[in-house]
Amino acid sequence: MDYDLLKGLTDAQCEAVEHIDGPMLILAGPGSGKTRVVTHRIANLLQHGVRARSILALTFTNKAADEMRQRLDRLAPGEPVWLGTFHRFCARMLREYAALAGLQQNYTIYDTSDSLATLKRAIEAVELDATHYTPQQLASAISWAKNNLITPDQYEARPGNVTGAIVAKVYPKYQELLKHSNAVDFDDMLMHVALILRDSPEVRAELDARYRYILVDEYQDTNLAQYAIARAMSIDYPNLAVTGDPDQSIYGWRGATLNNILEFERDYPEVHVVRLEQNWRSTKKILRVADALISHNRRRKAKDLFTDNDEGVPVRLITYASHHDEAEGIAAQILGMIQSGKRQPKDIAIFYRINALSRTYEAALRDEGIPYQLVRGVEFYQRKEIKDVLSYLLLANNPRDDNAFLRVINTPARGIGRSTIDKLVEHATSRGLSLLDAAREAGMIAGLAKKSAVSVAKFVGLFDRICVHVLRPLEELLGHVLSETEYQDMLKDSEDPDDQDRLANIEELLTAAREFDERHPGDGHLEEFLEQTSLVADTDDWDSSSDRVTLMTMHAAKGLEFPVVFIGAVEKGLIPHERSEKDDAQMEEERRLLFVGITRAKERLQLSLAKRRDFRGRSGYTIPSPFLFELPRDEMEMEERGDLWQSDDSGDFDEPSFDIDEFEDRTPKQIGKSIAGIRLMTAADLAGEPATEDANADDFHQGMIVRHPEYGLGKIVALSGTFRNRKATVDFFASVGQKTFVLAASPLKPVRS
DNA sequence: ATTCGCAAAGTTTTT
DNA sequence: CTTTGCGAAT
């Protein structure tokens, strides 16, 4: 046994690290060093001669996987342990065993909006009267079914359940459309793999043997499908180790079932259980507040959280007059901490229940000139312009992807309208063709105007020209898409100011593609790139190293820690969310969510609420969250700021005890920048300096006009490579057509237009 | 076929 | 308040 791996660990931690064969359940409280234990255990397995390739570590988020990868690399550099999210793992397995799920290996992963669009087509196709049900409702019913491994043909409505009856009709059609498009939704990835494992003993045995040591992180957040997958691969080699904390289960709405962790000991009677209850993160006061709150949950395994850390300062609960005051008050405090030199921006986080609340906090931080990064709900890859452009690649990779086809056929507008598309759809449906194949036969479709047929044929030609480059680096391929479609030109001369942002986002996409190319040298990585774009989440872009205040939802905060934490809007209807109030189980989940938020704090924690809050465009009085009354008042310091409320209805807060500090020196408002799904302010923004640029290969951009001494003016069609290898394909429209240059050695000059 | 404008609706959390 | 959807006008 290597001494280093156990150094500085508690007995319980050592016990978990040294465990090798057989099932293990690690019940890990917040801040108990779980990631450390898991990574050390993997290193220990490797030291005991377990082959890296037979270890599979499944996490819930990419962020957690990255963190684990980094820490493992320090212990065991370069070991090819398979480490990633459930979804990514399933994506890989599904490529390998696509046929068993009735798919081709180049299948497309639909995100939520794609699958909703498909569902709408399904609803239309079965011609139901679904006026009383939103597609979202049907979507979540289908999602629930898939998470519980109920296939379309198994789905039966419970008698008298009207929604269920509709789902029973739409679900099969929806699934048929997905299959016809050679596509899967997020839930399918899990369901297909779980069913393959269930129905194919050979595959199951093979994967069981391939991955002899399986670790599942955040086990409390797994759903039935994920459970089935982990379980099926741990029969011949039952070395399944799961880590989790029932008190941090916050994904019940996504099908996660606490049963998986609460009943793990029943599934594996010989399980080795390790409890990590010592907290290394928070002060005693913070931990006691958290513990008092969570002890109000009934459905849980009681835990004895304790810490040897300092007592710490009291947890603060502040009531502000308005949401505006709240945000300004928090920003003022943050500014004070930073100016006094006690804290750096990166030490501080603001959490809230829903993304919609971020705006006010953002504005206040901006007004104070405090740098921040917002982990936001609307993801970069969900943006219209990004999806538009990527859809060309999706279609190139999977020509049967009807959704992608519908998206690109008339974007940018090329005169192919509703009636033409309807005819294409009809033609495709009657012959069982994909829409793209139907489009190839446009000339033969009866009733299609000649003009329309020509437009469609031109589109097909354009698309085929793009496809020529599918094996090229991604940046170059994207360049060809942009050039052929003139997507940027469409935005350039637009009046809409948002379109300038869109152009910037497209540049950002090109940058992402370039970075991908750097990581994946060689040809033909389109499919990997597309998979990556489908499976990244907003929280993955959170950058722990940049010195900024973090703004995020409590869900996104899971697994992170900050010296100073503010939790805003602790009000009834928000936390707990109004849609959870009716149901006890959901209320408990809301309580756990707040518990997660509280336990992120290491030294200082402030909860706050506003008496009045503008929300949904309306201003109204708020009610304090019922959870606040469950907190131990002797650990806390309560304070009321502002006096817009005359009466003392809430009755539970002391009078104001001190004033808000005033800060004179306010920097001018700064505008956040949008980068890969995160709005952030750079140091340059703060200093008011423009970013400096090297007058080099970086001077050339997609779509730029350049001059060549011999060929004259041309336009950059595509770019690829880096540094000295950076190449540009230029179209000299007036002379020789397309040429490719190595920029460093070329006489090309940018032309300012 | 596209664009514009207005009305209505709907607001959680994310792979 | 924002986004989405629909209908009418060009």
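Every chain is numbered from 1, with letters handed out A, B, ... down the list of sequences. In this text the structure is predicted, and so the values were computed from the model without any measurement.
For A:His577, counting side-chain heavy atoms from C-beta on, the closest listed nucleotide (B:dT14, B:dT15, B:dT12) is B:dT12. Checking B:dT12, B:dA1, B:dT15 against the side-chain heavy atoms of A:Thr85 singles out B:dT15 as nearest.
The interatomic distance linking A:Phe89 (CZ) with B:dT15 (C1') rounds to 16 Å, in whole Å. Look at CZ on A:Arg254: it is 13 Å from P on B:dT13, rounded to the nearest Å. Atom CD1 in A:Ile354 sits roughly 12 Å away from atom P in B:dT11 (whole-Å rounding). Going from atom CD1 of A:Ile250 over to atom C1' of B:dT15 covers 13 Å, rounded to whole Å. Counting to the nearest Å, the P atom of C:dC1 and the CZ atom of A:Arg613 are 16 Å from each other. Atom CG of A:Asp114 is separated from atom P of B:dT14 by 18 Å (rounded to the nearest Å). Look at CE on A:Met587: it is 16 Å from C1' on B:dT13, rounded to the nearest Å. Going from atom CD of A:Glu218 over to atom C1' of B:dT14 covers 13 Å, rounded to whole Å.
Along DNA chain B, the nucleotide nearest A:Arg414 and the nucleotide nearest A:Ser580 are compared for position; the residue whose nucleotide lies closer to the 5' end is A:Arg414. Summary of the strand contacts: A:Arg88 and A:Ser419 both lie near DNA chain B, and taking for each the nucleotide with the nearest heavy atom, the more 5' one is attributed to A:Ser419.
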Can you check nucleotides 2-6 of chain C for protein contacts, nitrogen or oxygen pairs under 3.5 Å, and list what you find?
from	atom 1	to	atom 2	distance (Å)
C:dG5	OP1	A:Lys120	NZ	3.2

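Residues meeting the side chain to side chain donor-acceptor pair (under 3.5 Å) test with A:Asn260, sequence neighbours left out: A:Thr222. Shown here are the salt bridge (charged side-chain N to carboxylate O under 4.0 Å, His left out) partners of A:Glu486, two or more places apart in sequence or in another chain: there are none.
No contact: A:Phe86 has no heavy atom under 4.0 Å from any strand. Counting non-hydrogen atoms under 4.0 angstrom, A:Thr420 reaches the backbone sugars and phosphates but no base. Within the 4.0 angstrom heavy-atom criterion, only backbone atoms of the sugar-phosphate kind lie near A:Asn410; the bases stay farther away.
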Practice problem: Give the C-alpha distance, both sets of side-chain angles, the deciding distance and a yes or no for side-chain hydrogen bond (donor to acceptor under 3.5 Å, both in side chains) between A:Asn403 and A:Asp114. | Solution: CA-CA 7 Å; A:Asn403 237 338; A:Asp114 296 323; 4.7 Å; no
Quiz prompt | Stepwise side-chain hydrogen bond (donor to acceptor under 3.5 Å, both in side chains) test for A:Asp401 and A:Tyr110 | solution = CA-CA 10 Å; A:Asp401 186 346; A:Tyr110 279 0; 2.5 Å; yes
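Enclosure of atom CD in A:Glu96 by more than 12 non-hydrogen atoms of other residues, nucleotides or ligands within 6.0 angstrom is indicated. Residue A:His324 qualifies as open at atom NE2: its count of foreign heavy atoms under 6.0 Å is 12 or below.
For B:dT12, its base never sits under 3.5 Å from the side chain of A:Trp253 at any donor and acceptor pair.
The C1' atoms of C:dG5 and B:dT12 are separated by 23 Å, rounded to the nearest whole Å.
For A:Phe60 and A:Tyr251, the ring centers are positioned less than 6.0 Å apart. Ring centroids of A:Tyr211 and A:Phe89 are separated by less than 6.0 Å, placing the two rings close together.
Side-chain nitrogen and oxygen atoms of A:Thr112 include none within less than 4.0 Å of the OP1 or OP2 phosphate oxygen of B:dT15. Between A:Asn355 and B:dT13 there is a side-chain N or O to OP1 or OP2 distance below 4.0 Å.
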